[in-house]
Protein chains: 2
Amino acid sequence: MLTQITLSQLSGFQPALGRSEAPARLRTSTNKAFAGIPITFSRNAEIYGEEESANYIYKVLSGVVRSCKLLPDGRRQIGAFYMPGDIFGLEPDEVRHFSAEAVIQTELIALEWESLITVDEHSGAFLSELLQITMKGLRRTQAQLLLIGRKNARERVAAFLLDMAGRSGHKDIVELPMPRHDIADYLGLTLETVSRMLAELRAIGAIELESARRVRLLDLAQLTELAR
Amino acid sequence: MLTQITLSQLSGFQPALGRSEAPARLRTSTNKAFAGIPITFSRNAEIYGEEESANYIYKVLSGVVRSCKLLPDGRRQIGAFYMPGDIFGLEPDEVRHFSAEAVIQTELIALEWESLITVDEHSGAFLSELLQITMKGLRRTQAQLLLIGRKNARERVAAFLLDMAGRSGHKDIVELPMPRHDIADYLGLTLETVSRMLAELRAIGAIELESARRVRLLDLAQLTELAR
DNA sequence: CGGGATATTGACTCTTATCAATGCCCGTGG
DNA sequence: CCACGGGCATTGATAAGAGTCAATATCCCG
């Protein structure tokens, strides 16, 4: 059975975590049908690379995605982590400027970009949503700019923990699916500095490290103060 | 005479630098007419502040605008400089998250945001342009993130000069309308470091400082190499 | 011509990066 | 079941880059 899937549905679709949905099929206005079956990427698998053509946008069903940019000498900046429900992969022109990789095993649903923007009848609603998503992304990136440009290591790590807590739903236990190296490249630090700042936050009683990848936030007020 | 002005015209309108155009009047589909006469802001005048409601989007006719975010203790991050032809002021929700100020005397044209997005008939074209503009801004901000997060002072200043050169049209003479402090807050540095890096670039023969606000790029290849 | 803002330069400090050693966790295979 | 191994994380010692504080210098603008 062919179902016409709109961006609204893509945007509104909240996956049932852990359970696999019945496969949906997409039929675009250009009559090219493709399977909308969730695609699975294993840990560290590349979803797309820099300079690749930007044909699809994606929504995270489960797992985590990092988007990153690499300098010739290996320095790396992570632009964002995408969590379940997040949409990513919109580009202003034909070619990617960031790559995207799965941080852990990740399920995505993909939509063909061309088919979305050429649908005249619904383009208003489509575009409005895309615009909203993109503006939110821009705002997030601008906040990140302030973080990296003007805050010290302790403030960055505290802000990161609070941000992760806010996105995960649980208010005091934060799961960190990504290694220290990824956090460092997201915050413009080294992995050693991230580790040291976590140790420091633990020392002052703001957090507790249940394991390397699981942090308990003990003192939200103090953390918020430290994050400025 | 009332003229229906579309975003396309706003976007496509290239001001004749230095000359003042005949006043245009805007009439929106909601029948609220407002003057589209270019508004002039003097040096350091605030165009809008953080937390203000986001009612208008702007296009720079002449001058330069900086958008910035301030921390409680006075640290500042400049998110972007807007030059003639640039459009700014789009926000994902009702309230501003960055302020905007004129760097030098600046002429702007303003369009009421609500009237643009509620025009159903042309919303497709409008939104498509807004989306394009926003995605370009996002890309620019992401590039800035890499710059600030992973490049050293010399690389940042070299990249800034090349960026300014690229935007100004002149390939080897760069006018810097903004003070060192603004450049520093844009690059996540201090004004002293910016000054030192310029001195360093001059010392190695990559640039020449005709005055503090006017730089001649002597060796594009070397600068590009230094910017990575 | 003078004065205030802006810019440069210098001396020193401090944060964070770098290099290196050790520790921990977890999966795998004997 | 336990020992081994490999990735990841922590911790330490040191260095380098950029920040801070302070003293001129320069440039506009009146």
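Residue numbering restarts at 1 for every chain, and letters A, B, ... go by the order of the sequence lines. Quick caveat, the model's predicted, so the values are computed rather than measured.
Within residues 151-160 of chain A, the residues approached by DNA chain C to less than 4.0 Å at the level of any non-hydrogen atom are Asn152(A), Ala153(A), in residue-number order. Contacts between residues 193-205 of chain A and DNA chain D, counted as heavy-atom distances below 4.0 Å, involve Ser195(A), Arg196(A), Ala199(A), Arg202(A).
For Leu209(A) and dT10(D), the CG to C1' distance is 10 Å, given to the nearest whole Å. Rounded to a whole Å, the CZ atom of Arg150(A) is 15 Å from the C1' atom of dT15(C). As a whole-Å value, the separation of Glu210(B) CD from dA7(C) C1' is 17 Å. For Arg214(B) and dA7(C), the CZ to P distance is 15 Å, given to the nearest whole Å. Counting to the nearest Å, the C1' atom of dC8(D) and the CG atom of Asp185(A) are 15 Å from each other. One interatomic measurement links the two molecules: CG of Leu176(B) to C1' of dA7(C), which rounds to 13 Å at whole-angstrom precision. Atom pair Leu189(A):CG and dA16(D):C1' shows a separation of 16 Å (rounding to whole Å applied). We find that CD1 of Ile104(B) is positioned 15 Å from C1' of dC28(D), with the value rounded to whole Å.
At least one side-chain heavy atom of Leu198(A) sits less than 4.5 Å from a side-chain heavy atom of Leu161(A). Counting heavy atoms from C-beta on, the side chains of Ile148(B) and Gln144(B) come closer than 4.5 Å. Using a 4.5 Å heavy-atom cutoff, the side chains of Leu90(B) and Leu138(A) are not in contact.
Once rounded to the nearest 0.5 Å, the distance linking CG of Leu131(A) with CG of Leu130(B) reads 6.0 Å. Rounding to the nearest 0.5 Å gives a distance of 10.5 Å between OG1 of Thr106(B) and CE of Met83(B).
For the pair Asp182(B) and Arg76(B), the salt-bridge criterion is met [side-chain N within less than 4.0 Å of a carboxylate O]. A salt bridge links Arg150(B) with Asp185(A): at least one charged nitrogen is closer than 4.0 Å to a carboxylate oxygen. The pair Asp163(B)-Arg140(B) meets the salt-bridge criterion, with a side-chain N (NZ, NE, NH1 or NH2) lying under 4.0 Å from an Asp/Glu carboxylate O. In summary, Glu50(A) and Arg96(A) do not engage in a salt bridge, as defined by a charged side-chain N under 4.0 Å from a carboxylate O.
Gln105(B) CD: 12 or fewer foreign heavy atoms inside a 6.0 Å radius. By the neighbour-count criterion of 12 heavy atoms within 6.0 Å, atom CD of Glu225(A) is sparsely surrounded, having that number or fewer from other residues, nucleotides or ligands. For Arg43(A), the CZ atom counts as loosely surrounded, since its 6.0 Å shell holds 12 or fewer non-hydrogen atoms of other residues, nucleotides or ligands.
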Report task. Start with the C-alpha gap between Arg156(B) and Met197(B), add the side-chain angles, then the distance that decides, and say whether side-chain contact (heavy atoms from CB on, under 4.5 Å) holds. Result -> CA-CA 9 Å; Arg156(B) 292 184 212 183; Met197(B) 291 304 119; over 6 Å; no
Protein-nucleic acid N or O pairs under 3.5 Å, nucleotides 20-27 of chain C:
none

Can you give me the N/O atom pairs linking the protein to nucleotides 4-6 of chain C at distances under 3.5 Å, or say none if there are none?
residue, atom, partner, partner atom, Å
dT6(C), O3', Arg213(B), NH2, 3.4

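Between the side chains of Arg66(B) and Asn44(B), at least one donor-acceptor pair of N or O atoms lies under 3.5 Å.
Sorted by first and then second residue, the ring pair (Phe, Tyr, Trp, His ring centres under 6.0 Å) pairs involving residues 206-228 of chain B (not counting sequence neighbours) form an empty list.
Side chain of Gln77(B) to main chain of Tyr186(B): a donor-acceptor pair is present (N/O by atom type, distance under 3.5 Å, no hydrogens or angles).
Annotation: the terminal axes of the helix from dC1(C)-dG30(D) to dG30(C)-dC1(D) meet at 30°, where each axis is the rotation carrying the C1' atoms of four end pairs onto the next four (5 pairs per end, rounded to 10°).
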